Structure formats: C-alpha cells, structure tokens
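Chain letters run A, B, ... following the sequence lines, proteins first, then strands; residues in each count from 1. Here the structure is a predicted model, which is why all the values come from computation and not from measurement.
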2 protein chains.
Amino acid sequence: MVEHSLDHVFRALSDPTRRAILDRLAEGEATVGRLAEPFHVSFAAVSKHIGVLERAGLVTREARGRERVCRINPAALTGARAWIEFHERFWTNRLDALDALVGKTPGEPGRTR
Amino acid sequence: MVEHSLDHVFRALSDPTRRAILDRLAEGEATVGRLAEPFHVSFAAVSKHIGVLERAGLVTREARGRERVCRINPAALTGARAWIEFHERFWTNRLDALDALVGKTPGEPGRTR
DNA sequence: GCTATATTTAACCATATGGTTGAACATAGT
DNA sequence: ACTATGTTCAACCATATGGTTAAATATAGC
C-alpha cells in the first residue's frame with residue numbers, strides 16, 4: 001500500500017545482481033546467507049543489495065532467530081509497471097497517429113520541414 | 001530490434017528529471033533546447049540526461065540543421081515491461097500458492113519454525 | 001567570412017554507489 | 001558462560017553520477 005517511489009524501484013531494478021537476487025527469491029523465501037551463496041561478491045555486499053531492495057519496498061526482511069528471511073513483495077512493482085505500460089502505450093499511439101497524419105511509410109530521412 | 005539492456009533502461013528511468021523529459025517528449029518531438037526550458041537545471045545537464053536516455057535506447061536524437069530533434073522510442077520499454085510483468089505475476093502466483101498451502105491468513109509473526 | 005545560435009565536450013566538484021575487510025551484535029547450541 | 005553462526009555496521013576505496021561553467025564545434029544567416 002505504501003507508495004514506493006519510482007526512483008527507488010527503478011534504481012533497485014537497474015542492477016543485475018539485485019535482479020538476480022529477486023529471481024532467486026522468486027523461487028521462495030531465503031535467508032541472506034543462502035541468497036549470497038550463488039554470487040561471487042561478499043556477504044556484506046549482498047546484504048547491502050538487499051537493503052536497497054528493501055528500501056524500494058521490493059523485499060521484506062523478517063528476523064527468524066539469528067537469520068533474516070527475505071521475501072518478495074510484488075505489490076511494489078505495480079507502480080513501475082503502470083508507468084511503463086502507460087507511456088509505452090501512449091507513445092506508441094502518438095507515433096502511430098503522427099505517421100498516419102503524415103501518411104508516412106518510414107524512410108524519408110532528413111525531412112527538413 | 002536492438003536489445004536494450006535492462007540495466008540501462010531501468011537506470012535511465014530511475015531519475016525524475018529523465019522521466020519528466022520523457023513525459024515532455026511524449027507530447028511530441030522536441031529539440032534539446034526546448035526540452036531544457038522547463039527544467040531548472042543547466043542546458044548541459046539536460047544534454048547529458050538525454051545522452052543517458054539515448055544510450056538506453058529510449059530516445060533518438062536526429063540532427064536537423066544545427067538543432068537536435070529528440071524522439072521517443074517506445075520499443076525500448078518492452079523489455080523492461082516484460083521483466084516486471086513476468087515477475088509481478090510469477091511472484092504473486094507463488095505467494096498465493098504458498099498462502100493457500102499453509103492456509104494462512106497473515107498475522108503469525110515470529111513463527112520460529 | 002563573420003557572428004549568432006544550438007549543442008556537445010571538457011574539466012571540475014560533491015555526493016552516491018558498489019565493492020572490500022574487519023569489528024560488532026544477536027542468537028543457537030553446547 | 002563460551003563459542004560458533006548469521007547478519008549488520010563501520011571505515012575505507014574506486015568509480016559513477018548529476019551537477020556546474022567555460023570552451024569547442026557546427027550550422028544558420030547576414
């Protein structure tokens with residue numbers, strides 16, 4: 001429900017390691033330790049990455065004993081998807097409309113007016 | 001067409017100024033100069049931002065005389081949207097399935113087993 | 001050719017990012 | 001209580017980012 005800032009969500013998604021962490025989390029919840037295993041970076045680095053994901057609202061960390069269990073929060077993605085969907089559609093329509101207006105089949109490069 | 005790296009696309013979208021530039025471009029093509037007007041940042045800064053968007057494949061710059069006309073390239077968004085859609089759906093299904101399995105209505109925090 | 005305009009490039013600055021290692025903290029297990 | 005384990009925090013480093021201003025480049029127009 002919290003409004004997850006597009007800034008943070010997009011930023012979080014822009015790193016391949018973080019996307020891989022999300023991929024892994026998609027297979028089910030996991031502790032930080034297990035999340036770190038497949039990556040060649042240090043434990044602390046993964047912890048930081050998870051921090052970024054957490055701040056973006058994409059994952060939650062729950063203390064379970066001395067471990068921290070991470071889970072995914074799909075809701076945090078809806079804002080980002082909505083933004084993209086809207087613009088993708090809007091732009092495409094716009095460009096189609098322009099092309100229709102000009103009656104343009106692509107390939108008149110350098111039209112100077 | 002070109003495979004626009006998710007890294008670059010998400011990164012480009014993570015900045016509010018750049019998203020605003022895209023919004024503005026959605027209203028139609030515009031020169032760098034006109035794009036820079038509404039923003040309080042310097043001309044060069046906007047030029048750089050456009051460079052980022054261009055490298056991500058989100059906009060194209062075409063030289064028209066001494067001006068550069070920027071246009072939007074919606075196709076560059078499809079990869080990002082696909083990623084989000086897939087994961088959003090996948091995760092949601094997963095979590096639903098888990099909840100169904102456990103017959104769990106949320107609210108048993110700190111379950112130690 | 002000279003000058004004005006549009007844009008990029010270069011040099012620079014402050015801060016953020018992603019990475020490291022090692023210390024600190026919290027809990028499990030003996 | 002002690003020790004081992006899981007995780008975070010702190011300090012640090014290199015590089016990237018977003019911003020600036022000033023110089024360089026390219027074209028338009030006289």
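Protein atom CZ of A:Arg64 is 16 Å distant from nucleotide atom C1' of D:dT5, rounded to whole Å. Atom CD1 in A:Ile50 sits roughly 15 Å away from atom C1' in C:dG19 (whole-Å rounding). Regarding A:Lys48, its NZ atom lies at a distance of 12 Å from the C1' atom of D:dA14, rounded to whole Å. As rounded to whole Å, 18 Å separates atom C1' of D:dT20 from atom CZ of B:Phe39. B:Asp7 places its CG atom 16 Å from the P atom of C:dT17, with the value rounded to the nearest Å. Atom CZ in A:Arg55 sits roughly 11 Å away from atom P in D:dT8 (whole-Å rounding). The separation between A:Phe43 atom CZ and C:dA24 atom P is 18 Å, rounded to whole Å. Put simply, CD on A:Glu67 is 10 Å from C1' on C:dA28, counting in whole angstrom units.
For A:Ser42, no side-chain nitrogen or oxygen approaches OP1 or OP2 of C:dG19 to under 4.0 Å. Distances shown here put a side-chain N or O of A:Ser47 below 4.0 Å from the OP1 or OP2 atom of D:dT8.
To the nearest 0.5 Å, atoms CZ (A:Arg24) and CD (A:Glu37) are separated by 6.0 Å. In this structure, NE2 in A:His49 is found 12.0 Å from CG in A:Leu35, a value given to the nearest 0.5 Å. Put simply, CZ on A:Arg68 and OG on A:Ser47 are 8.5 Å apart, with the number rounded to the nearest 0.5 Å.
Listed nucleotides D:dT7, C:dT20, D:dA28 differ in distance to B:Arg66; the shortest reach to its side chain belongs to D:dA28. The B:Val41 side chain lies nearest to D:dG19 when the options are D:dA11, D:dG18, D:dG19. Residue B:Arg11 has its side chain nearest to D:dT17 when only D:dT17, C:dG22, C:dT8 are considered. Closest to the side chain of A:His49, out of C:dG19, D:dG18, C:dT7, is C:dG19.
Contact check of residues 12-21 of chain A against DNA chain D (heavy atom, cut-off under 4.0 Å) returns no residues at all.
Side-chain heavy atoms closer than 4.5 Å link hydrophobic residues (I, L, V, M, F, W, Y) into clusters, and following such links, possibly through other members, connects A:Phe43 to A:Ile21. Hydrophobic clustering (side-chain heavy atoms under 4.5 Å, transitive across Ile, Leu, Val, Met, Phe, Trp, Tyr) keeps A:Val41 apart from A:Val52. A continuous path of hydrophobic side-chain contacts links A:Leu6 to B:Phe39 [ILVMFWY only; heavy atoms under 4.5 Å].
Residue-to-nucleotide proximity on DNA chain C shows that, of B:Val32 and A:Arg68, the 5′-proximal contact is made by B:Val32.
When heavy atoms are screened at a 4.0 angstrom cut-off, A:Arg34 is found touching no nucleic acid atom at all.
Partners of B:Arg81 by side-chain contact (heavy atoms from CB on, under 4.5 Å), not counting sequence neighbours, listed by chain and number: A:Ile84, A:Glu85, A:Glu88, B:Thr78, B:Glu85.
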